[in-house]
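The structure appears right after this line, and notes come after that.
Quantities reported herein were computed from a predicted structural model and do not represent experimental measurements. Heavy atoms only: backbone and side chains are in, while hydrogens, waters and symmetry mates are out.
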Amino acid sequence: MELKVINAQGQATEGLQASETLFGREYNEALVHQVVTAFLANARSGNRAQLNRRDVKHSTKKPWRQKGTGRARSGMSSSPVWRGGGRAFPNSPDENFAQKVNRKMFRAGMAAILSQLVRDERLIVVDELSVASPKTKEFAAKAKALGVEQALFVTKEMDENLYLSSRNLPNVLVIEAQQADPYSLLRFKKVVITRDAVKHLEEQWA
(Lines give C-alpha, C1' and ligand atoms only; values in the text may rest on other atoms or scores of the structure.)
Protein backbone atom coordinates (compact mmCIF):
# COMPACT_ATOMS: atom_id res chain seq x y z
CA MET A 1 0.00 0.00 0.00
CA GLU A 2 1.06 3.62 -0.47
CA LEU A 3 1.32 6.12 2.37
CA LYS A 4 0.92 9.85 1.80
CA VAL A 5 4.07 11.84 2.51
CA ILE A 6 4.48 15.56 3.18
CA ASN A 7 7.54 17.77 3.40
CA ALA A 8 8.57 20.20 6.16
CA GLN A 9 6.20 22.84 4.73
CA GLY A 10 3.20 20.51 4.86
CA GLN A 11 3.07 19.99 1.09
CA ALA A 12 2.44 16.56 -0.45
CA THR A 13 5.43 14.82 -2.01
CA GLU A 14 6.05 11.43 -3.57
CA GLY A 15 4.21 8.64 -1.74
CA LEU A 16 5.88 5.82 0.16
CA GLN A 17 5.27 2.16 -0.57
CA ALA A 18 4.67 0.46 2.77
CA SER A 19 4.00 -3.05 4.00
CA GLU A 20 0.39 -4.18 3.71
CA THR A 21 1.00 -6.50 6.67
CA LEU A 22 1.91 -3.62 8.97
CA PHE A 23 -0.27 -0.79 7.66
CA GLY A 24 -3.21 -2.61 6.09
CA ARG A 25 -4.27 -4.99 8.84
CA GLU A 26 -7.84 -5.29 10.09
CA TYR A 27 -8.44 -3.73 13.51
CA ASN A 28 -8.85 -6.15 16.42
CA GLU A 29 -10.11 -4.25 19.45
CA ALA A 30 -9.79 -7.16 21.89
CA LEU A 31 -6.19 -7.82 20.85
CA VAL A 32 -5.22 -4.13 21.06
CA HIS A 33 -6.80 -3.87 24.52
CA GLN A 34 -4.84 -6.89 25.73
CA VAL A 35 -1.55 -5.62 24.30
CA VAL A 36 -1.96 -2.11 25.76
CA THR A 37 -3.06 -3.45 29.16
CA ALA A 38 -0.08 -5.80 29.31
CA PHE A 39 2.31 -3.00 28.31
CA LEU A 40 1.04 -0.72 31.08
CA ALA A 41 1.06 -3.54 33.63
CA ASN A 42 4.65 -4.46 32.78
CA ALA A 43 5.67 -0.83 33.24
CA ARG A 44 4.51 -0.81 36.87
CA SER A 45 7.36 -0.82 39.35
CA GLY A 46 5.50 -2.82 42.04
CA ASN A 47 7.19 -0.95 44.90
CA ARG A 48 4.11 0.07 46.88
CA ALA A 49 3.99 -1.18 50.47
CA GLN A 50 1.43 -1.01 53.27
CA LEU A 51 1.72 -1.59 57.01
CA ASN A 52 0.19 -4.53 58.81
CA ARG A 53 -0.83 -4.63 62.48
CA ARG A 54 2.72 -5.37 63.54
CA ASP A 55 4.26 -2.44 61.64
CA VAL A 56 1.98 0.46 62.62
CA LYS A 57 3.05 2.60 65.58
CA HIS A 58 0.26 2.04 68.09
CA SER A 59 0.04 1.23 71.77
CA THR A 60 -0.82 -2.35 72.64
CA LYS A 61 -2.94 -1.14 75.59
CA LYS A 62 -6.60 -2.11 75.51
CA PRO A 63 -8.55 1.11 74.63
CA TRP A 64 -11.29 0.44 77.21
CA ARG A 65 -12.45 -2.37 79.44
CA GLN A 66 -14.11 -5.39 77.92
CA LYS A 67 -17.59 -4.97 79.44
CA GLY A 68 -19.89 -2.30 80.79
CA THR A 69 -19.14 0.63 78.45
CA GLY A 70 -21.87 -0.06 75.90
CA ARG A 71 -19.30 -0.02 73.10
CA ALA A 72 -18.00 -2.88 71.03
CA ARG A 73 -15.10 -4.75 72.58
CA SER A 74 -11.68 -3.78 71.29
CA GLY A 75 -8.23 -5.15 71.91
CA MET A 76 -5.91 -2.47 70.54
CA SER A 77 -5.99 0.55 68.21
CA SER A 78 -3.86 -1.16 65.54
CA SER A 79 -6.87 -3.26 64.54
CA PRO A 80 -7.65 -3.16 60.79
CA VAL A 81 -11.21 -1.97 61.56
CA TRP A 82 -9.86 1.20 63.22
CA ARG A 83 -8.92 4.35 61.33
CA GLY A 84 -5.12 4.43 61.14
CA GLY A 85 -4.85 0.74 61.98
CA GLY A 86 -2.81 -1.83 60.10
CA ARG A 87 -4.01 -3.48 56.91
CA ALA A 88 -5.28 -7.05 57.21
CA PHE A 89 -3.81 -8.05 53.83
CA PRO A 90 -1.19 -5.39 52.97
CA ASN A 91 0.42 -4.94 49.57
CA SER A 92 4.03 -6.01 49.61
CA PRO A 93 6.85 -4.09 47.86
CA ASP A 94 7.82 -7.10 45.76
CA GLU A 95 4.39 -7.37 44.11
CA ASN A 96 4.61 -8.47 40.49
CA PHE A 97 2.12 -7.03 37.98
CA ALA A 98 3.73 -8.52 34.86
CA GLN A 99 1.51 -9.93 32.12
CA LYS A 100 2.89 -12.12 29.37
CA VAL A 101 2.10 -11.37 25.73
CA ASN A 102 3.92 -13.48 23.16
CA ARG A 103 5.79 -11.82 20.32
CA LYS A 104 3.30 -12.85 17.65
CA MET A 105 0.41 -11.23 19.51
CA PHE A 106 2.41 -8.05 20.18
CA ARG A 107 3.37 -7.72 16.52
CA ALA A 108 -0.24 -8.24 15.47
CA GLY A 109 -1.39 -5.62 17.98
CA MET A 110 1.16 -3.06 16.76
CA ALA A 111 0.11 -3.71 13.16
CA ALA A 112 -3.57 -3.28 14.05
CA ILE A 113 -2.84 0.06 15.76
CA LEU A 114 -0.71 1.42 12.91
CA SER A 115 -3.29 0.32 10.33
CA GLN A 116 -6.09 2.05 12.23
CA LEU A 117 -4.00 5.23 12.46
CA VAL A 118 -3.73 5.20 8.67
CA ARG A 119 -7.48 4.67 8.22
CA ASP A 120 -8.30 7.47 10.68
CA GLU A 121 -5.78 9.78 8.94
CA ARG A 122 -3.92 10.21 12.21
CA LEU A 123 -0.60 8.98 10.78
CA ILE A 124 1.52 11.62 9.04
CA VAL A 125 4.64 10.55 7.14
CA VAL A 126 7.32 13.21 6.58
CA ASP A 127 10.51 13.17 4.55
CA GLU A 128 12.71 14.02 7.53
CA LEU A 129 12.58 15.50 11.03
CA SER A 130 15.40 17.70 12.24
CA VAL A 131 16.15 21.15 13.66
CA ALA A 132 19.25 23.28 13.14
CA SER A 133 19.57 24.36 16.77
CA PRO A 134 18.26 23.22 20.17
CA LYS A 135 15.49 25.84 20.39
CA THR A 136 11.92 25.08 21.40
CA LYS A 137 10.63 27.90 19.20
CA GLU A 138 12.19 26.30 16.12
CA PHE A 139 10.64 22.89 16.79
CA ALA A 140 7.24 24.48 17.56
CA ALA A 141 7.35 26.30 14.22
CA LYS A 142 8.13 23.04 12.41
CA ALA A 143 5.22 21.28 14.15
CA LYS A 144 2.88 24.15 13.28
CA ALA A 145 3.90 23.92 9.61
CA LEU A 146 2.94 20.25 9.68
CA GLY A 147 -0.44 21.19 11.18
CA VAL A 148 -0.01 19.35 14.49
CA GLU A 149 0.04 20.56 18.08
CA GLN A 150 -0.45 17.38 20.10
CA ALA A 151 1.55 14.62 18.48
CA LEU A 152 3.97 11.75 18.82
CA PHE A 153 7.03 12.20 16.61
CA VAL A 154 8.84 9.03 15.57
CA THR A 155 12.27 9.22 13.98
CA LYS A 156 14.81 6.55 13.18
CA GLU A 157 17.57 8.22 15.21
CA MET A 158 17.34 10.92 17.86
CA ASP A 159 19.87 13.75 17.80
CA GLU A 160 20.56 16.12 20.68
CA ASN A 161 19.04 19.17 18.98
CA LEU A 162 15.78 17.35 18.35
CA TYR A 163 15.56 16.14 21.93
CA LEU A 164 16.41 19.47 23.54
CA SER A 165 14.10 21.51 21.31
CA SER A 166 11.06 19.29 21.91
CA ARG A 167 11.25 18.31 25.57
CA ASN A 168 9.61 21.51 26.91
CA LEU A 169 6.57 21.37 24.64
CA PRO A 170 3.39 20.08 26.30
CA ASN A 171 1.57 17.19 24.60
CA VAL A 172 4.58 16.46 22.39
CA LEU A 173 6.85 13.43 22.57
CA VAL A 174 9.75 12.57 20.29
CA ILE A 175 11.02 8.99 20.29
CA GLU A 176 13.11 6.67 18.17
CA ALA A 177 11.36 4.03 16.06
CA GLN A 178 12.73 1.21 18.20
CA GLN A 179 11.02 2.77 21.26
CA ALA A 180 7.54 2.87 19.69
CA ASP A 181 4.97 1.26 21.98
CA PRO A 182 1.20 0.62 21.66
CA TYR A 183 0.19 3.02 24.43
CA SER A 184 2.02 6.04 23.00
CA LEU A 185 0.70 5.36 19.49
CA LEU A 186 -2.89 5.47 20.78
CA ARG A 187 -2.47 8.28 23.32
CA PHE A 188 -1.68 11.09 20.90
CA LYS A 189 -4.10 12.63 18.41
CA LYS A 190 -1.51 12.51 15.63
CA VAL A 191 1.57 10.40 14.95
CA VAL A 192 4.27 12.01 12.78
CA ILE A 193 6.80 9.51 11.46
CA THR A 194 9.73 9.86 9.09
CA ARG A 195 10.35 7.73 5.99
CA ASP A 196 13.35 6.05 7.61
CA ALA A 197 11.32 5.27 10.72
CA VAL A 198 8.63 3.58 8.62
CA LYS A 199 11.27 1.31 7.10
CA HIS A 200 12.63 0.54 10.55
CA LEU A 201 9.15 -0.40 11.84
CA GLU A 202 8.66 -2.67 8.84
CA GLU A 203 11.93 -4.46 9.59
CA GLN A 204 10.99 -4.77 13.25
CA TRP A 205 7.29 -5.72 13.15
CA ALA A 206 6.24 -6.74 9.62
Checklist entry - Going by atom types only, do Ser115 and Glu26 share a side-chain donor-acceptor pair under 3.5 Å? => result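 Side chains of Ser115 and Glu26: no pair found under 3.5 Å.
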
Item to check | Modelled atom types, side-chain donor and acceptor of Ser92 and Asp94, under 3.5 Å | outcome: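 Their side chains do contain a donor-acceptor pair, which is all the 3.5 Å distance test asks for.
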
Is it the case that the side chain of [X] and the backbone of [Y] share a donor-acceptor pair, with hydrogens and angles ignored and the cut-off at 3.5 Å?
X      : Y      : answer
Trp64  : Ala72  : yes
Lys62  : Ser74  : yes
Lys142 : Ser130 : yes
Asn52  : Gly86  : no
His200 : Thr155 : no

Quick one: closest heavy-atom pair of [X] and [Y], and the distance?
X      : Y      : value
Lys199 : Leu16  : CE-CD1, 3.9 Å
Ser77  : Ser59  : OG-O, 4.0 Å
Val32  : Ala112 : CG2-CB, 4.0 Å
Lys156 : Ala197 : N-CB, 3.9 Å
Ile113 : Leu185 : CG2-CB, 3.8 Å
Asn28  : Leu31  : OD1-N, 3.1 Å

Next on the checklist: Checking Trp205 against Ser19 for the side-chain contact (heavy atoms from CB on, under 4.5 Å) test, could you report, in this order, the C-alpha distance in whole Å, the side-chain angles of both residues, the deciding distance, and whether it holds?
Outcome noted: CA-CA 10 Å; Trp205 301 117; Ser19 169; over 6 Å; no

Answer whether the closest heavy-atom distance between the side chains of [X] and [Y] falls below 4.5 Å.
X      : Y      : answer
Phe39  : Gln99  : no
Ile6   : Gln11  : no
Val118 : Met1   : yes
Phe153 : Leu146 : yes
Arg53  : Ser79  : yes
Asn42  : Phe97  : no
Lys190 : Ile124 : yes
Ile193 : Leu123 : yes

According to a 4.5 Å side-chain heavy-atom criterion applied to Ile, Leu, Val, Met, Phe, Trp and Tyr, with indirect links allowed, do [X] and [Y] form part of one hydrophobic cluster?
X      : Y      : answer
Val198 : Leu152 : yes
Leu164 : Val154 : no
Leu186 : Phe106 : yes
Val172 : Val191 : no
Leu117 : Val36  : yes

Going from [atom1] on [X] to [atom2] on [Y], what distance comes out if it is rounded to the nearest 0.5 angstrom?
X      : Y      : atom1 : atom2 : answer
Ser165 : Lys137 : OG    : NZ    : 14.0 Å
Gln50  : Arg87  : CD    : CZ    : 4.0 Å
His58  : Trp82  : NE2   : CH2   : 9.5 Å
Phe139 : Ser133 : CZ    : OG    : 12.5 Å
Arg71  : Gln66  : CZ    : CD    : 12.5 Å
Arg187 : Gln150 : CZ    : CD    : 10.0 Å

Next on the checklist: Using ring centroids (six-membered ring only for Trp), state whether Phe188 and Tyr183 fall under 6.0 Å.
Outcome noted: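 Between Tyr183 and Phe188, the centre distance exceeds or equals 6.0 Å.
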
Next on the checklist: Please evaluate residues Val192 and Val148 with respect to the criterion side-chain contact (heavy atoms from CB on, under 4.5 Å), reporting the C-alpha separation (whole Å), side-chain torsions for both, the decisive distance (0.1 Å), and the verdict.
Outcome noted: CA-CA 9 Å; Val192 180; Val148 296; 4.2 Å; yes

Using a cut-off of 6.0 Å, state whether more than 12 heavy atoms not belonging to [X] lie near its atom [atom1].
X      : atom1 : result
Lys144 : NZ    : no
Glu149 : CD    : no
Glu14  : CD    : no
Arg48  : CZ    : yes
Glu128 : CD    : yes

Checklist entry - What's the verdict on side-chain contact (heavy atoms from CB on, under 4.5 Å) for Tyr27 and Arg119, showing C-alpha distance, side-chain angles and the deciding distance? => result CA-CA 10 Å; Tyr27 189 69; Arg119 284 190 289 269; 3.6 Å; yes

Next on the checklist: Using side-chain contact (heavy atoms from CB on, under 4.5 Å), reason through Met158 and Val174 one step at a time and then give a plain yes or no.
Outcome noted: CA-CA 8 Å; Met158 175 84 72; Val174 180; 3.5 Å; yes

